[in-house]
Amino acid sequence: MSSTMDITTEDKLDLLRRMVLIRAFEERVIDLYHRGDIAGLVHVGIGQEAVAVAVATSLLEGDYLYGTHRSHGHFIARGADINKMMAELAGRANGYCEGLGGSMHLVAAEVKAMGATGIVGGTIPLALGTALAHRDAGLVVAVYFGDGAANTGGFHESLNIAALWKLPVVLVCENNGYAEFTPMSEHTVVERVSEHCKPYGIPARTVDGNDLLEVLEAMSRAVEHARNGEGPTMVECLTYRLRGHYIGDPAQYRQANEVAEWREKDPIERLTKQLKSERALDEDAASTVKREADERVEDAVRFALGGEYLSMDAMTARVFG
């Protein structure tokens, strides 16, 4: 899709299904976490689904993607197998990384989703390396990061190198207003992350990250720019995580009215209302979309919890030569 003008009603319905699947997956992950079937530090991106789906839709099959510590949605939107993803979160050997990566270190190389990391901004330099390796192949690399990563040295070094070498990379900032528990106003005087691009001459755009079609249009232009050999771009998406920083975070650093305001901007509800206004969706059809997503997720849960844990000998063999 080169622009929002090319999107049909059926396209919008497909985009909605993808967002609903991501939401259903993460809501079930929360349940499994509280039941003790998933352990560790787990971050969900409920409320940020529009960015994930728009970015994945703008990429071609051969393009590459790098995530963050909050990448379930990024990988699902890219086409990763939710069975193997759920198994990975549950620490089972039938997961993508045999249960050794967990939520924050997912890799789904089969769909060119090359990694997530618990290190803030840690995948940006990796994405540049992939972009350099494929600079002459007409491929594009998209990499996610949050607003907190914009204050790290690796971020600015990466902007410099990406601009200097005109790398085919699209930098996707999911600006949800908080670096873990700290509001943006308390960790930087720069109002918009996209402003960091100016000294490096990198084209940048700030968009409503909860408006899927607006993000898709910006991403389509950015991807085309990179694929034409014109170098890097940044798309800053203003969005919000409706849950805390991690599962179990009481999020007392946020005001109740702030969360309520952002719930009104829920990207799934916004697209659903639009489709209803266009008479392309009714309550029964919307319920069907949700039910089908829930059924797929339940299949993934059965697959995951039916898997075995990697043996100690096998785990040791993957650490020592």
Side-chain angles (χ1 to χ4, degrees), residues 11-33 38 42-59 65-90 95-96 102-104 106-108 110-113 115-116 142 144 146 172 174 176 208-216 219 237 239-247 262-263 265-275 281 286-301 303-304:
D11 289 333
K12 292 178 186 177
L13 287 167
D14 179 61
L15 296 171
L16 177 65
R17 292 186 192 100
R18 294 196 224 175
M19 288 200 291
V20 171
L21 179 62
I22 294 169
R23 178 75 58 90
F25 181 92
E26 293 210 300
E27 287 177 340
R28 197 68 173 94
V29 165
I30 293 172
D31 293 339
L32 294 173
Y33 184 90
I38 291 176
V42 180
H43 307 77
V44 295
I46 291 174
Q48 301 183 179
E49 295 88 356
V51 181
V53 172
V55 170
T57 302
S58 70
L59 299 173
L65 181 144
Y66 282 86
T68 66
H69 58 283
R70 196 187 309 280
S71 274
H72 308 148
H74 304 158
F75 280 50
I76 293 172
R78 183 62 176 149
D81 185 330
I82 66 169
N83 289 359
K84 290 194 281 188
M85 280 190 59
M86 190 68 80
E88 184 59 34
L89 268 63
Y96 265 116
S103 173
M104 285 195 287
L106 291 166
V107 177
E110 64 192 42
V111 293
K112 302 293 182 70
Y144 287 94
V172 183
E174 289 180 302
N176 57 35
D208 180 351
N210 283 19
D211 184 332
L212 186 144
L213 300 182
E214 184 176 338
V215 180
L216 182 56
M219 278 299 305
C237 305
T239 184
Y240 197 78
R241 48 177 166 80
L242 294 174
R243 302 298 183 107
H245 173 58
Y246 58 89
I247 298 178
W262 278 98
R263 285 193 183 280
K265 303 174 185 178
D266 185 318
I268 292 177
E269 290 301 318
R270 286 173 72 169
L271 186 56
T272 298
K273 288 178 181 177
Q274 180 179 342
L275 287 166
L281 190 73
S287 296
T288 298
V289 170
K290 179 67 166 65
R291 185 184 70 253
E292 290 175 347
D294 288 339
E295 289 172 354
R296 287 186 62 186
V297 171
E298 286 310 308
D299 288 342
V301 173
F303 175 85

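Numbers for residues simply follow the sequence, beginning at 1.
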Spacing of CG belonging to D14 relative to OG1 belonging to T57, to within rounding of 0.5 Å:
7.5 Å
Does any non-hydrogen side-chain atom of T272 lie less than 4.5 Å from one of V289?
no
Shortest non-hydrogen pair, R70 vs G244, comes out as NH1-O, 4.1 Å
Report the residues that fulfil ring-ring contact (aromatic ring centres under 6.0 Å, His included) with Y240, sequence neighbours left out, ordered by chain and then residue number.
W262
Approximate separation, where rounding is to 0.5 Å, of L15 CG and E49 CD:
13.0 Å
What residues form a side chain to side chain donor-acceptor pair (under 3.5 Å) with R17, not counting sequence neighbours?
E10
Quick check: closest heavy atoms across F25 and L89, and the distance to 0.1 Å?
CE2-CD2, 4.3 Å
Which residues pass the side-chain contact (heavy atoms from CB on, under 4.5 Å) test with A52, sequence neighbours left out?
I22, H74, A77, Y144
Those residues at least two apart in sequence (or on a different chain) that pass side-chain contact (heavy atoms from CB on, under 4.5 Å) with Y33 are I38, V42, I247
Applying salt bridge (Lys or Arg N to Asp or Glu O under 4.0 Å), name anything that partners E174, two or more places apart in sequence or on another chain.
none
For K12 versus L275, what's the shortest heavy-atom pair and its separation?
CB-CD2, 3.7 Å
L59 vs K112 side-chain heavy atoms within contact, under 4.5 Å:
no
Taking only residues two or more places apart in sequence or in another chain, which ones pass salt bridge (Lys or Arg N to Asp or Glu O under 4.0 Å) with D81?
none
For the residue pair C237 and G209, what are the closest heavy atoms and their distance?
CB-CA, 3.8 Å
Of all the heavy-atom pairs spanning A108 and F75, show the shortest one and how long it is.
N-CE2, 3.7 Å
Tell me every residue that passes side-chain contact (heavy atoms from CB on, under 4.5 Å) with A300, counting only those two or more places apart in sequence or in another chain.
I82, N83, M86
Should E269 and K273 count as an ion pair when the cut-off is N to O under 4.0 Å?
no
Side chain to side chain donor-acceptor pair (under 3.5 Å) partners for H72, two or more places apart:
E26, S103
First locate atom CG of L106, then atom CE of M85, and finally report the distance between them rounded to the nearest 0.5 Å.
5.0 Å
Apply salt bridge (Lys or Arg N to Asp or Glu O under 4.0 Å) to E295 and R291, showing your working.
CA-CA 6 Å; E295 289 172 354; R291 185 184 70 253; 3.7 Å; yes
Of all heavy-atom pairs between A54 and V215, which one has the smallest distance, and what is that distance?
CB-CG1, 3.5 Å
Atom NE2 of H43 and atom CZ of R241: how far apart are they, to the nearest 0.5 Å?
8.5 Å
Salt bridge (Lys or Arg N to Asp or Glu O under 4.0 Å) with K290: which residues, sequence neighbours excluded?
D294
Contacts of Q274 that satisfy side chain to side chain donor-acceptor pair (under 3.5 Å) - sequence neighbours left out
E278
Among all residues two or more places apart in sequence or in another chain, which pass the side-chain contact (heavy atoms from CB on, under 4.5 Å) test with R270?
D208, N210, D211, K265
I'd like to check R23 versus D266 (side-chain heavy atoms, cut-off strictly below 4.5 Å). Are they in contact?
yes
Could you work out, with salt bridge (Lys or Arg N to Asp or Glu O under 4.0 Å) as the rule, every residue matching D31, not counting sequence neighbours?
none
